[in-house]
Protein chains: 2
Amino acid sequence: MPKEDTLEKEPKERILEAGALLFATKGYAAVGVREIAELAGVNVAMISYYFSGKAGILKEIILRYFDEVKGIYDKVLAQNIEPEIALKTIVKELVNLMKKKTIFCKVAITEMPFNLPEFMEFKAEVARRHIDYIKQGLQLIKLFVDDNRYNSIITPAAISLIFSHFLFGPFIQKVWNVELDENYYNLYSETISTLLLEGLTGLIKKLNNKGETK
Amino acid sequence: MPKEDTLEKEPKERILEAGALLFATKGYAAVGVREIAELAGVNVAMISYYFSGKAGILKEIILRYFDEVKGIYDKVLAQNIEPEIALKTIVKELVNLMKKKTIFCKVAITEMPFNLPEFMEFKAEVARRHIDYIKQGLQLIKLFVDDNRYNSIITPAAISLIFSHFLFGPFIQKVWNVELDENYYNLYSETISTLLLEGLTGLIKKLNNKGETK
DNA sequence: TTATTAATCAAACGATTGTTTAATTTTTGA
DNA sequence: TCAAAAATTAAACAATCGTTTGATTAATAA
């Protein structure tokens, strides 16, 4: 019987999913390897066997997430479409990604135990990559402000804006009691796109006016 | 000799500050009580003595932060000033608060170990309070969209936007190499205000147009 | 079929977790 | 000055931490 026929996924994948779920809800440091193993239905030793330790699970999650993000940027920016539509498309694709793999994305974005020395350079590399995508994107869609200080403000602002719904997590449901169906996420990506687009164009207009009157 | 004369602060306050610093850099779950005690220069038992446990430190931090935020909202909204200026003022005051008490704010905003049962209701209460302020604020400054679904998108978006700089933490310095002086934070609150204001007015305008043409 | 490799397991490793205890010192107020 | 209260301490608590070991089972290939 080939493994593809079994309903259950491979142990390695089950560990990864269990880890993601637990990291997302309790935070990386608060989760024990035994808890992960139990949820994944495997022996504790399997974690070290497949991921060479607890930290390996998180690394894998982050790497996979950034691969997906890179795919989105590459795809949209290769089309060379109108700035506004490109931005909207990127936001929509990112939201789709998060909707489809909420837990993985949440962990990859929020869980970064930078205190662990081994994670320091790993995180720096991965963060720079992500930010480079954003920079490329904003440049291509002509919403790029060529100023290091502004970029250090705008880029985190844009990321936070796009991911705000997922940063708040289960709160959203609990506080506003909205139904998180497909319509909702369409409305979400529409609204966030508008906020970001109007905000950025407004900011750039203001900066240009300032430059003229000076 | 009265205690006010001693240069060192009270042990309780030292514990609180050490806890905040460590929570901010390593995350709540990753910090041990012995590490906090050592940094604070007190015995481990003092933590349970003053805060009845590690969680008590975090609770105190969060409570103090929300008191400050409440103070800002109450002060600004009582003035009954122009919507745009009110928004700008609130953003500026919030940024000032974060600049002045960066570590406390970061911990209060990001560290919420909701998995701990004892924190569940505490967090719910505190979150609702914060969101109520924002709602009041947006209503008063006429940038409020009276739709539950939109609110569940806009409110987290606004909060994420305002706090984006601190959500990214030490990254900002490392990636963009900017100097985080007073000028920088002025530029930050100016830029975030503009993004938020232009984004919200743009969104509302779009919503009104949609309503007309329908 | 058999030798080899991969996968899985229970058990134990030492280290560290948050909290409590009981004794001791310091401060306070009468 | 002296008893009561508050503050602080070292030590020990049981529980859990992530990882490793060595044996056992399953899969693979010759």
Side-chain angles (χ1 to χ4, degrees), chain A residues 1-23 25-61 107 111 113-119 122, chain B residues 1-23 25-61 107 111 113-119 122:
Chain A
M1 177 170 54
K3 281 165 197 169
E4 288 81 0
D5 283 350
T6 58
L7 282 173
E8 274 189 343
K9 292 182 184 171
E10 297 276 316
K12 189 177 178 182
E13 219 60 24
R14 295 210 309 273
I15 293 173
L16 207 64
E17 283 175 16
L21 180 60
L22 291 170
F23 293 162
T25 52
K26 310 177 74 173
Y28 175 78
V31 178
V33 283
R34 285 168 182 82
E35 198 180 356
I36 299 173
E38 195 181 2
L39 183 60
V42 301
N43 189 279
V44 218
M46 298 271 81
I47 289 173
S48 288
Y49 182 76
Y50 280 120
F51 297 94
S52 57
K54 178 184 161 191
I57 304 176
L58 183 56
K59 274 191 184 173
E60 180 79 17
I61 291 172
V107 171
E111 289 299 328
F114 305 140
N115 52 309
L116 301 184
E118 51 171 320
F119 258 96
F122 174 74
Chain B
M1 174 170 59
K3 282 165 196 170
E4 289 80 3
D5 282 350
T6 58
L7 281 173
E8 275 190 343
K9 292 182 183 171
E10 298 276 319
K12 188 177 178 183
E13 218 60 25
R14 295 210 309 273
I15 293 173
L16 206 63
E17 282 175 17
L21 180 60
L22 292 170
F23 293 162
T25 52
K26 310 178 75 174
Y28 174 77
V31 178
V33 283
R34 284 168 182 82
E35 197 180 356
I36 299 173
E38 194 181 2
L39 183 60
V42 302
N43 188 280
V44 219
M46 298 271 80
I47 290 172
S48 288
Y49 183 76
Y50 280 119
F51 297 94
S52 56
K54 178 185 160 189
I57 304 176
L58 184 57
K59 274 192 187 174
E60 180 79 17
I61 292 171
V107 171
E111 291 297 328
F114 304 142
N115 52 308
L116 302 183
E118 51 171 322
F119 260 92
F122 175 73

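Proteins come first, then strands; the chains are lettered A, B, ... in the order of their sequence lines, and each starts at number 1. Side-chain atoms are counted along with the backbone in the values below, which use heavy atoms only and exclude waters and symmetry mates. Since the structure is predicted, the reported quantities are computational estimates derived from the model, not experimental observations.
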Completion exercise
Rounded to whole Å, CZ of A/Phe51 lies from P of D/dT20 at a distance of 16 Å
Exercise for the section: Check the distance between D/dT16's P and A/Lys26's NZ and give it to me in whole angstrom. Expected result: 11 Å
Handout entry: Any donor-acceptor N/O pair, B/Lys54 side chain to B/Val31 backbone, under 3.5 Å
Key = yes
Which pairs would a plain distance check flag for residues 36-50 of chain B, meaning a side-chain donor or acceptor within less than 3.5 Å of a matching protein atom at least two apart in sequence or in another chain?
| unit_1 | atom_1 | unit_2 | atom_2 | d |
| --- | --- | --- | --- | --- |
| B/Asn43 | OD1 | B/Ala45 | N | 2.9 |

Fill in the blank from the handout: Side-chain contact check for A/Ala45: nearest option of C/dC9, C/dT8, D/dT19 is C/dC9
Could you write out each protein N or O paired with an N or O of nucleotides 14-17 of chain C at a distance under 3.5 Å?
none

Exercise for the section: Kindly point out which of D/dT8, C/dT20, C/dA6 is positioned nearest to the side chain of B/Tyr49? Expected result: D/dT8
Practice task
For the residue pair B/Phe51 and B/Lys59, establish whether any side-chain heavy-atom pair is separated by less than 4.5 Å.
Solution key: no
Problem - Whole-Å distance separating the CE atom of B/Met46 from the P atom of C/dT21 - result: 15 Å
Exercise for the section: Using atom CD1 of A/Ile57 as one end and atom P of D/dG18 as the other, report the distance to the nearest whole Å. Expected result: 10 Å
Exercise for the section: Drop me the distance from A/Glu60's CD to A/Glu13's CD, to the nearest 0.5 angstrom. Expected result: 8.0 Å
Practice task
List the steps, then state whether side chain to side chain contact (heavy atoms under 4.5 Å, CB included) holds for A/Leu22 with A/Tyr28.
Solution key: CA-CA 8 Å; A/Leu22 291 170; A/Tyr28 175 78; over 6 Å; no
Exercise for the section: Would you mind classifying the nucleic acid contact of B/Tyr50 as base, sugar-phosphate or nothing, using non-hydrogen atoms under 4.0 angstrom? Expected result: sugar-phosphate
Practice task
Calculate the interatomic distance between A/Ile47 atom CD1 and C/dA7 atom P; express it in whole Å.
Solution key: 16 Å
Handout entry: Short side-chain N/O contact to C/dA7 OP1/OP2 from A/Asn43, under 4.0 Å
Key = no
Fill in the blank from the handout: A/Glu38 atom CD is separated from C/dC9 atom C1', nearest whole Å, by 16 Å
Completion exercise
One should read off an interatomic distance between A/Leu58 CG and A/Leu16 CG, to the nearest 0.5 angstrom, of 10.0 Å
